[in-house]
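The structure under discussion appears below in the form of structure tokens.
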Amino acid sequence: MITQDAAPVADFEEHRPRMFGIAYRMLGSAAEAEDTVQDAWLRWSSAGREDVEHPGAWLAKVVTRLCLNRLTSARARREEYVGPWLPEPVLTGDGALGPLESAEQRDSVSMALLVLLEQLTPVERAVYVLREAFAYGHREIAGLLDLTEANCRQLYRRAAGRVAAGRAAGPRPRFEPDPAQWQSLVETFLTAARDGDLARLEGLLTADVRYVADGGGIVGAARRPILGPDKVARFLVGALRKFAAGLPISFAEVNGEPALIVGGTVLQVEIEGGRVSEVRSVVNPRKLEFLQRQLSRS
């Protein structure tokens with residue numbers, strides 16, 4: 001039996017996963033998402049229960065508003081960020097970001113999409129995330145954001161159009177390979193890179209392959225994307241020899257996609273037509289703290 005004092009805690013904990021999922025998709029940062037959920041708890045614990053008719057809607061509104069406030073300052077920080085910016089990686093095999101059973105659900109937490117969402121205004125991002133990732137209706141979103149339903153529809157169309165344009169202007173549309181095929185190709189890719197077999201490695205890369213690394217200026221990492229099979233192959237061979245020699249390598253699901261955990265850092269390898277089309281690496285230690293905690297619990 002839940003006591004009266006325990007009821008607010010139970011209500012909050014019931015909705016914690018969704019709050020974290022909203023905040024992470026809004027902010028692209030697991031650390032900031034955790035802080036946002038904690039701020040929501042402070043507001044929840046001091047709110048009068050008579051003012052809360054539907055806890056889930058009340059908490060979703062609070063978290064969304066808190067994220068909008070954070071996004072204003074985050075945009076200024078990211079303009080000063082050293083090198084490419086990538087979202088904080090999150091292990092998703094355990095449901096940390098909610099169910100990811102469909103391609104659309106997995107796409108909602110993919111690094112590629114979260115990078116594109118950085119182009120949106122804070123309110124456009126809120127509308128897009130609530131609609132696409134959590135299937136809120138426009139009327140519900142209007143209530144959460146204190147906007148009109150017509151305004152929400154307009155914001156969603158604008159956001160969806162900007163995301164679609166960003167996808168079209170990018171290297172290629174997202175492609176989901178068979179997991180066994182992905183692992184087999186990545187193992188071949190790693191062997192060639194470790195052996196320094198440049199010819200074989202280049203043969204595994206698409207003509208317009210790109211490598212993007214996020215070191216945040218804290219650790220050594222390429223500060224601009226590396227383009228083309230020759231440059232990418234040479235960089236990977238050198239990087240693996242210098243930074244990954246002797247480190248354990250394992251496979252995991254990160255942000256809804258298969259990835260490599262290399263000594264605690266994250267390497268995502270995208271494949272198209274049987275070749276590697278993009279490699280993303282997160283080596284900024286501050287961005288790996290949440291994932292490290294996940295790994296320590298697994």
Side-chain angles (χ1 to χ4, degrees), residues 2 5-49 51-74 87-102 104-111 113-114 117-118 120 122-147 152 155-156 159 253-256 287 289-291 293-294 297:
I2 298 177
D5 290 339
V9 177
D11 284 338
F12 186 87
E13 291 302 322
E14 177 186 353
H15 297 286
R16 179 185 288 274
R18 171 160 290 212
M19 287 188 288
F20 181 79
I22 291 173
Y24 177 76
R25 289 168 174 84
M26 285 280 292
L27 302 170
S29 165
E32 289 192 61
E34 287 186 311
D35 290 344
T36 300
V37 173
Q38 181 59 29
D39 288 344
W41 164 251
L42 296 176
R43 286 160 174 73
W44 172 255
S45 60
S46 62
R49 297 282 81 79
D51 299 328
V52 181
E53 184 176 358
H54 302 291
W58 192 94
L59 289 167
K61 182 171 186 175
V62 167
V63 164
T64 303
R65 301 300 302 185
L66 288 169
C67 287
L68 289 174
N69 293 338
R70 283 181 175 269
L71 280 173
T72 302
S73 59
E88 289 184 19
V90 175
L91 295 176
T92 48
D94 62 354
L97 293 176
L100 302 177
E101 297 169 358
S102 68
E104 291 76 16
Q105 288 173 325
R106 289 190 293 277
D107 184 58
S108 76
V109 296
S110 70
M111 287 197 175
L113 178 66
L114 292 174
L117 295 185
E118 291 291 302
L120 306 182
V123 70
E124 284 175 347
R125 185 165 183 164
V127 171
Y128 187 87
V129 165
L130 291 170
R131 179 69 175 166
E132 287 289 314
F134 297 95
Y136 280 91
H138 289 294
R139 181 175 298 178
E140 294 174 290
I141 297 172
L144 294 178
L145 298 177
D146 294 327
L147 299 170
C152 283
L155 286 165
Y156 174 73
E253 182 186 293
V254 175
N255 288 67
K287 288 192 171 185
E289 291 175 357
F290 184 83
L291 181 135
R293 294 206 308 272
Q294 288 183 296
R297 294 194 297 266

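In this chain, residues are counted from 1 in sequence order. Any value given below was found using the heavy atoms of this structure, including those in side chains, with hydrogens, waters and symmetry copies removed. Predicted model only: the values in this text are computed from it and were never measured.
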CG (N255) and CG (L97) are apart, to the nearest 0.5 Å, by 6.5 Å
d(W44 CH2, M19 CE) to nearest 0.5 Å is 8.5 Å
side-chain contact (heavy atoms from CB on, under 4.5 Å) filter on A33, not counting sequence neighbours, yields F20, A23, Y24
Output for pair (L117 CG, E124 CD), nearest 0.5 Å, gives 10.5 Å
Problem set entry | Close side-chain approach of R131 and Y136, heavy atoms under 4.5 Å | no
Here the pair of heavy atoms bringing A60 nearest to I22 is CB-CD1, 4.3 Å
- Query: Do E132 and R25 meet the salt-bridge criterion of a basic N to acidic O distance under 4.0 Å?
  - Reply: no
In short, P89 meets V254 closest at the heavy-atom pair CB-CG1, 3.6 Å
Would you say S110's side chain and R106's backbone share a donor-acceptor pair under 3.5 angstrom?
no
Within-4.5 Å side-chain heavy-atom neighbours: V90 and V109:
no
What one should report as the nearest heavy-atom pair of L66 and A40 is CD1-N, 3.7 Å
Here the pair of heavy atoms bringing I141 nearest to C152 is CG2-SG, 3.8 Å
Nearest heavy-atom contact between T92 and G256 is OG1-N, 2.9 Å
CD of E88 to CG of L291, rounded to nearest 0.5 Å, is 10.0 Å
Are more than 12 heavy atoms, taken from residues, nucleotides or ligands other than E13, located less than 6.0 Å from that residue's CD atom? yes
Do Q294 side-chain atoms and L91 backbone N/O form a donor-acceptor pair below 3.5 Å? yes
Check: Less than 4.5 Å apart, any side-chain heavy atom of E253 and any of D94?
Finding: no
When every non-hydrogen atom of P122 is compared with those of L68, the smallest separation belongs to O-CD2, 3.3 Å
Short N-O contact, E140 and K61, less than 4.0 angstrom
no
Next on the checklist: Between M26 and T36, is there a side-chain heavy-atom distance shorter than 4.5 Å?
Outcome noted: no
Report task. Start with the C-alpha gap between R125 and E118, add the side-chain angles, then the distance that decides, and say whether salt bridge (charged side-chain N to carboxylate O under 4.0 Å, His left out) holds. Result -> CA-CA 8 Å; R125 185 165 183 164; E118 291 291 302; 2.7 Å; yes
*For R65 and D39, run salt bridge (charged side-chain N to carboxylate O under 4.0 Å, His left out): C-alpha distance rounded to whole Å, both residues' side-chain angles, the deciding distance at 0.1 Å, then the answer.*
CA-CA 11 Å; R65 301 300 302 185; D39 288 344; over 6 Å; no
Looking at side-chain heavy atoms only, is the closest gap between L155 and V123 below 4.5 Å? yes
Between the CG atom in D11 and the CH2 atom in W58, the distance rounded to the nearest 0.5 Å is 11.5 Å
NE2 of H54 to CG of L59, rounded to nearest 0.5 Å, is 13.0 Å
More than 12 heavy atoms from other groups under 6.0 Å of CZ on R139:
no
